[in-house]
Amino acid sequence: MDLNKLEQKISSIVETANHDEFIYELLLAYDLPRSSITRLKKGDYNQSKNANELIWKKNLFFKVEEKQDLHLVIDEANNNNEILKHHPRFLIVTDFERLLAVDTKTSDSLDIALTELSENYAFFLPWAGMEKTQIQNLNLADIKAAEKLAQLYDIIIQENHIESDQERHGLNIFLSRLLFCFFAEDTGIFEKGQFTNAIASHTQEDGSDLQDYLITLFNILNVKTRDKQPKHLKDFPYVNGGLFAVEYPAPRLNTKARKIIIDSGSLDWKEINPDIFGSMLQAVVHSDQRSNMGMHYTSVVNIMKVIEPLFLNDLREQLEKAQGSENKLKKVLSRLYNLRLFDPACGSGNFLIIAYKELCRLEIEVFQALQEIAPLNWSLAKSGLKLTQFYGIELDDFAHETAKLSLWLAEHQMNLAFKEVFGSAKPTLPLQDGGNIVCGNATRLDWEKVCPKEQGTEIYIMGNPPYVWSNDQSTEQKLDMKNILGDIKSYKYLDYICCWFRLSSNYTTDTNIKYAFVSTNSITQGQQVSIFWPNIYSMKQKPFFAHQSFKWGNNAKHNAGVTCVIIGICSESDINKKLLYSNDNVRTVKNINAYLLPNKDVFINKRNTQISQLPKMTYGNKAVDGGNLFLTPKEKNDITTSSSKSHLFIKRVVGATEFLYSKERWCLWIKDAELAYANSIPLIEERINQTKLSRLKSKDKGAQLLAARPHQFRDTNTSLNHTLLIPSASSERRTHLPIGMLDNTYIVTNRAHVIYDGDIFVFSILSSRMHLVWTHGTAGRLESRINYSSSICYNNFPFPDISEAQKLMLEDHVFNVLDEREKHSEKTMAELYDPDKMPDGLRQAHHEMDLAVERCYRKKPFTSDEERLEYLFKLYEEMIEAEKKGIKVKT
DNA sequence: GATCCGACAGGCG
DNA sequence: CGCCTGTCGGATC
């Protein structure tokens, strides 16, 4: 929804629409379906029997009332069950002079002159699917400005030949300067409206001389003294500051572009949030990102989660302790001025901007405290914070220009805040040196050149670097990985973000510098942990605070689908306390390990044999068939009715979904010797051919080789008797892993792990709380789901050697659990193991089985999952030690 | 030959 | 559109 257009439409409705059409036009403006509105007009949808009234289920109650007081009318409607039973979202009454409205969901109300309706368009945005909770933290000024810019950008691209990097860079600079001017004329840097008024009155309507005009103007902004120029140019103040220092071309512009520029003057630029706006702008110049504007910018909430524990809380504490002491307060000031903040993946600079604003607020507090105790010395408060304290690296040229610009805008906003408190502030113009934002690849630049470690400074590194897992890394990124992480064994399994952790640790070595990043949680789970983190630990660096997994979220229309963690790292010797955050909880813990658990440091390595006396677990059968070897019940039926012998080649197939939700699925399962016969059935032959084609098309060499036997899955494993099944990905909410026990007629796919013909008692181990706790602690995750693995989770699971008698006893419990499941054979496994719906009998059977399994470890019962995990980690280490020495652990 | 993972992806209410 | 929960097969060792 284009908010600028919406606002315009509403204002024209108010001006021109006749009274009968008013409400329908209004609904149309919010993009409600035209056909529904037509039927509403005809009366089909109108639930009201009264004249001058309209009730549209779930959407609207509308009444025209020209005699009574509108307040009484709307209150009455809001208490009228005949109206409310249709659940209208909005109640609106009007006499076409004033308009009153109530949002029945939020109880917000509106009481305005009808002419003010367009300014209040946001009130009815829920009609367009935008809830107030969504809009609340979202500045509509940002969206509207970004939309305007997008329109302008599109015209410039059409009218100008922009292809080379240099041309693109020129355009980026131009947009950045234009933005500055809009902002400047709305916030007192220029005269109010000076920029757009000058364009309106001194350039041709067709836009033909606008290009030259802007080039001239931008040049003048860089000149300190003017004389010969005409007055309308001379009146602009001297800006400088690098923004206008170098002469760049301006693009050709046309009538429409000129109009957009002039119209932009009426937007609310002073309401712009430089942090978020920058991210939206980025989407303007990358048209592929338009649909998800700002998907990857970090929300202010998450930025605070990084900077507060990293340095802000410490500064606040110091300020608290300094209250009443001029000396101590002066120390806080000098500490503020010696801070250096460095974001090596800064995007459009939102971390730096938020940090800058927070430091300014702190500085204001310090000055207030100083004025209180020594008013004579501190009557003239003058901010000493400088943009040059902020450092950044950004790959994208436009984003890096935006970051520089946004820092200036933030500086001006903070100057205004300063002025509000102290009555005066340093002048914004001429612009001072900006932030040290470098455009380039952070993995290839020398960070010490970007942000030199000067004596007496206190440096913090922070940000939200890019997450790219191995399969998605570009050739370029793979090269970066090799350069930064190449010395680490199996580094190719790591996420791209590890480059930033490595480089930060290198930068931080032998200093008291601290760093913290928002990261994908996958580097703290599964296989990446033991590949990556020992390298950081060996540099004597450790996490000193961490946020456990939380779902990524910001105000973008479409959020990125990823679950994040935040990790703060510094030299071990600099840590005095460790804070572990989970959701809204904080606790001080003795240790934060690389899994971000409050346990001792462990690294669970992949291994391909079992550390305990347990049978081999493998992966289910992988098809790599483009879907052609799988059959729905209907497809299976089509084949079996076409040929009487075809059922010989069809088997029931089970992956995680089929197992958990009792879904029926079949597959072709053909032995080499039967191939000729199978091929004689046309429906089967067709599928085999399609499989071959699909395999030949694959980028993967292994898949291409498989094209030689397209009648089969890549793997062809089955059991003689029974199969234990563990879903590879499954919900983390369950209190027990849903383990399957299948007979030998089933084929299991690679969506599940399997133990073929293993001892029955193993079922009890896999189902146990002990194993679940271990799994939660060590396995990889799909977001927050369990991504079970054999080489990390199962093969490393410590379980004592037990006697035959104990095995028999565990088996009894297994049959107990299976019996309990059988009692509810109509239910799916997902229902049975839903923590809210689990039948009592099954829960009890599992509980007894848990106790039996736990007695294998020790006599004393476990009292908490933390205790269980601690015990398992300890036993794991002992078993690894013992294995090295070639002995067995006594349990 | 074996397998871990997804700035996800698909279904449902 | 937000919530819930696991497909499929590439990239890696």
Side-chain angles (χ1 to χ4, degrees), chain A residues 126 128-131 133-134 289 292 294-298 345 347 464-473 478 481 489-497 518-523 525-529 531 551-554 556-564 606-608 616-627 629-630 655-661 663 665 694-695 697-706 713-717 727-734 738 749-754 779-795 830 833-834:
Chain A
M130 290 174 77
E131 284 302 331
T133 44
Q134 290 166 8
Q289 293 173 22
N292 47 30
M295 187 180 189
H296 288 164
Y297 81 83
T298 316
N464 178 19
Y467 323 153
V468 190
W469 74 310
S470 171
N471 289 26
D472 287 343
Q473 285 161 9
K478 284 196 194 297
M481 293 284 290
K489 190 165 172 280
S490 299
Y491 73 92
K492 288 187 176 178
Y493 278 129
L494 297 174
D495 194 287
Y496 191 44
I497 196 177
V518 183
S519 167
T520 165
N521 64 355
S522 60
I523 65 165
Q525 292 154 358
Q527 63 180 349
Q528 293 198 50
V529 176
I531 296 172
K551 222 171 159 46
W552 173 265
N554 62 25
K557 282 178 203 163
H558 301 285
N559 266 204
V562 65
T563 298
C564 299
K606 278 190 188 180
R607 55 181 292 153
N608 38 30
K616 182 177 167 57
M617 176 182 289
T618 60
Y619 221 49
N621 297 294
K622 190 164 168 173
V624 195
D625 66 328
L629 296 176
F630 287 96
T657 307
E658 292 76 22
F659 169 65
L660 288 165
Y661 298 93
K663 293 263 165 67
R665 203 178 182 200
S694 140
R695 285 178 180 173
K697 264 192 292 185
S698 171
K699 277 185 285 178
D700 183 37
K701 290 225 173 70
Q704 287 169 16
L705 289 176
L706 282 174
F713 278 32
R714 193 196 67 178
D715 312 295
T716 55
N717 302 316
S728 295
S730 68
S731 170
E732 74 280 16
R733 291 174 55 245
R734 302 186 175 117
T749 76
N750 68 333
R751 306 321 315 140
H753 286 79
V754 275
R781 300 288 177 123
L782 175 51
E783 296 228 311
S784 54
R785 253 42 18 84
I786 294 166
N787 240 348
Y788 197 84
S789 67
S790 52
S791 65
I792 302 164
C793 187
Y794 177 74
N795 289 346
Y833 283 83
D834 183 326

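Every chain is numbered from 1, with letters handed out A, B, ... down the list of sequences.
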Worksheet item: Of the nucleotides B:dC5, B:dA2, B:dC4, which has the atom closest to the A:S791 side chain?
Response: B:dC4
Item to complete: In whole angstrom, give the distance that lies between atom CZ of A:F659 and atom P of C:dT7.
Response: 12 Å
Fill in: A:S790 side-chain proximity, nearest of B:dC5, B:dT3, C:dA11
B:dT3
Worksheet entry | Closest-nucleotide ordering on DNA chain C, the 5'-leading residue of A:K492 and A:G655 | A:G655
Discussion item. Restricting to side-chain hydrogen bond (donor to acceptor under 3.5 Å, both in side chains), what partner residues turn up for A:Q473, sequence neighbours left out?
Written reply: none
Worksheet item: Taking the P atom of each, how far is B:dC8 from B:dC4, in whole Å?
Response: 23 Å
Look for any protein N or O under 3.5 Å of an N or O in nucleotides 3-6 of chain C and output each such pair with its distance, or none.
from  : atom 1 : to     : atom 2 : distance (Å)
C:dT5 : OP1    : A:R733 : NH1    : 3.3
C:dT5 : OP2    : A:R733 : NH1    : 3.4
C:dG6 : OP1    : A:Y661 : OH     : 3.0
C:dG6 : OP1    : A:R734 : NH2    : 3.3
C:dG6 : OP2    : A:S731 : N      : 2.5
C:dG6 : O3'    : A:T657 : OG1    : 2.9
C:dG6 : O6     : A:R785 : NH1    : 2.4

Item to complete: Calculate the interatomic distance between A:Y619 atom OH and C:dC13 atom P; express it in whole Å.
Response: 17 Å
Discussion item. Please evaluate residues A:D715 and A:Y619 with respect to the criterion side chain to side chain contact (heavy atoms under 4.5 Å, CB included), reporting the C-alpha separation (whole Å), side-chain torsions for both, the decisive distance (0.1 Å), and the verdict.
Written reply: CA-CA 9 Å; A:D715 312 295; A:Y619 221 49; 5.9 Å; no
Response to the item:
With sequence neighbours left out, the residues meeting ring pair (Phe, Tyr, Trp, His ring centres under 6.0 Å) with A:Y491 are none
Worksheet, complete the sentence: Note on DNA chain C: ranges paired as stems (three or more Watson-Crick/G-U pairs in a row, both atom distances under 3.5 Å) are B:1-6 with C:8-13, B:8-13 with C:1-6
Fill in: Residues in ring pair (Phe, Tyr, Trp, His ring centres under 6.0 Å) contact with A:Y788, at least two apart in sequence or another chain
A:H753, A:H771
Practice prompt. Quote, to the nearest angstrom, the C1' distance that separates B:dC5 from B:dA9.
Written response: 14 Å
Fill in: Listed partners of A:S522 passing side-chain hydrogen bond (donor to acceptor under 3.5 Å, both in side chains), at least two apart
A:T520
Worksheet item: Could one point to a donor on the side chain of A:N471 or the base of C:dG10 with an acceptor on the other under 3.5 Å away?
Response: yes
Item to complete: Pick base, sugar-phosphate or nothing for A:G626, based on heavy-atom distances below 4.0 Å to the nucleic acid.
Response: sugar-phosphate
Worksheet item: Tell me: CD1 of A:I786 to P of B:dG6, nearest whole Å?
Response: 15 Å
Discussion item. Test side chain to side chain contact (heavy atoms under 4.5 Å, CB included) on A:K492 and A:M481; report intermediate values, then the result.
Written reply: CA-CA 7 Å; A:K492 288 187 176 178; A:M481 293 284 290; over 6 Å; no
Discussion item. Just to be sure I understand the rule, does A:S728 reach a base, reach only the sugar-phosphate, or reach nothing, if contact means heavy atoms closer than 4.0 Å?
Written reply: nothing
Discussion item. Considering every strand and a 4.0 Å limit on heavy-atom distances, what is the contact class for A:S522: base, sugar-phosphate, or nothing?
Written reply: sugar-phosphate
Worksheet entry | Side-chain donor/acceptor of A:D472 to base of C:dA11, under 3.5 Å | no
Worksheet item: How long is the line joining CZ of A:F713 and C1' of B:dG1, in whole Å?
Response: 17 Å
Discussion item. Without decimals, in angstroms, what is the distance between A:M617 CE and B:dA2 C1'?
Written reply: 14 Å
Fill in: C1' atoms of B:dG6 and B:dG10, separation to the nearest Å
14 Å
Worksheet item: Is there a donor and acceptor pair closer than 3.5 Å between the side chain of A:K622 and the base of B:dT3?
Response: yes
Item to complete: Please state whether the phosphate of C:dG10, meaning OP1 or OP2, lies under 4.0 angstrom from any side-chain nitrogen or oxygen of A:K478.
Response: no
Worksheet item: Under 4.0 Å between a side-chain N/O of A:S490 and OP1 or OP2 of C:dT12, yes or no?
Response: no
Discussion item. Could you work out, with side-chain hydrogen bond (donor to acceptor under 3.5 Å, both in side chains) as the rule, every residue matching A:R733, not counting sequence neighbours?
Written reply: A:D836
Worksheet item: Is there a side-chain polar atom (N or O) of A:S470 under 4.0 Å from OP1 or OP2 of C:dT12?
Response: yes
Discussion item. What is the distance, to the nearest angstrom, from the CD1 atom on A:I523 to the P atom on B:dC5?
Written reply: 13 Å
Response to the item:
Per nearest nucleotide of DNA chain B, the residue lying toward the 5' end, A:C564 or A:N608, is A:N608
Practice prompt. Please check the phosphate of B:dT3 (OP1 and OP2 only) for any side-chain N or O of A:T618 closer than 4.0 Å.
Written response: no
Worksheet item: Relative to each other, are the rings of A:Y467 and A:W552 parallel, tilted or perpendicular (30° and 60° limits)?
Response: perpendicular
Worksheet item: Above 12 or not: heavy atoms from other molecules or residues under 6.0 Å from NZ of A:K697?
Response: no
Item to complete: With heavy atoms under 4.0 Å as the rule, sort A:R695 into base, sugar-phosphate or nothing.
Response: nothing
Worksheet item: By ring pair (Phe, Tyr, Trp, His ring centres under 6.0 Å), which residues pair with A:F659, not counting sequence neighbours?
Response: none
Worksheet item: In whole angstrom, what separates A:K616's NZ from B:dA2's P?
Response: 7 Å
Worksheet item: Between atom OH in A:Y467 and atom C1' in B:dC8, what is the gap in whole Å?
Response: 15 Å
Discussion item. Test of understanding: with side chain to side chain contact (heavy atoms under 4.5 Å, CB included), list the residues that count as partners of A:N471, not counting sequence neighbours.
Written reply: A:W469
